[in-house]
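Computation of the quantities below employed the complete heavy-atom set of this structure, encompassing side-chain atoms and omitting hydrogens, waters and symmetry-equivalent molecules. The shown structure was predicted, so the numbers you read here are calculated from the model rather than taken from an experiment.
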Amino acid sequence: RTESSEHRRVNRQITAAADSGNLDGLLAAIQECVGKMNLINMSTAFHRVAKLALTCSARVRDQVPSHAAIVQLRMVIAEQILMGRHQGEDKASEMRCLSIICWS
């Protein structure tokens, strides 16, 4: 399945927020568009949060897993996997996205 223009827009929004270096801004962007994400967007979001969180204090990093955006993102990912909604992605892309999510 090809990525829609909406999914490309979501990816640009996530990467722009991450590139700003502001973790709160990234989490807000994720929360805003989590319902519109495909598996590629989800893996990008998780990867960018993990990468940006490394630059934060331990106190801030410890709060990330319980942030509403991350909780919601994890729920959507689990739902996508359990319901098979990610099917239609090519297998290589699907495996790459899932491995990035696991790493993050």
Pair up each side-chain donor or acceptor in residues 57-70 with any protein partner under 3.5 Å, not counting sequence neighbours, and list the distances.
| residue | atom | partner | partner atom | Å |
| --- | --- | --- | --- | --- |
| S57 | OG | V60 | N | 3.3 |
| R61 | NH1 | C56 | O | 2.5 |
| S66 | OG | Q63 | O | 3.1 |
| H67 | ND1 | A69 | N | 3.0 |

### Query
How many angstroms lie between atom CZ of R12 and atom CG of D19, to the nearest 0.5 angstrom?
13.5 Å

### Summary
With sequence neighbours left out, the residues meeting side chain to side chain contact (heavy atoms under 4.5 Å, CB included) with L73 are I30, V34, M37, M42, A45, F46, I77

### Task
For side-chain contact (heavy atoms from CB on, under 4.5 Å), just list the numbers for N38 and E6, CA-CA rounded to whole Å, side-chain angles, deciding distance to a tenth of an Å, and then say yes or no.
CA-CA 10 Å; N38 65 6; E6 178 68 11; over 6 Å; no

#### Entry: For S20 against A17, the heavy-atom pair lying closest together
OG-O, 2.6 Å

### Message
I'd like to check the side chain to side chain donor-acceptor pair (under 3.5 Å) partners of D24; sequence neighbours left out, ordered by chain and number.
### Response
none

### Summary
dist N11:CG -> S43:OG (nearest 0.5 Å) comes out at 7.5 Å

### Query
Passes side-chain contact (heavy atoms from CB on, under 4.5 Å), H7 versus I40? Steps please.
CA-CA 8 Å; H7 293 137; I40 293 169; over 6 Å; no

### Message
Could you work out, with side chain to side chain donor-acceptor pair (under 3.5 Å) as the rule, every residue matching Q13, not counting sequence neighbours?
### Response
R9, E32

#### Entry: Atom of N41, atom of I14 and distance for their closest heavy-atom approach
O-CD1, 3.7 Å

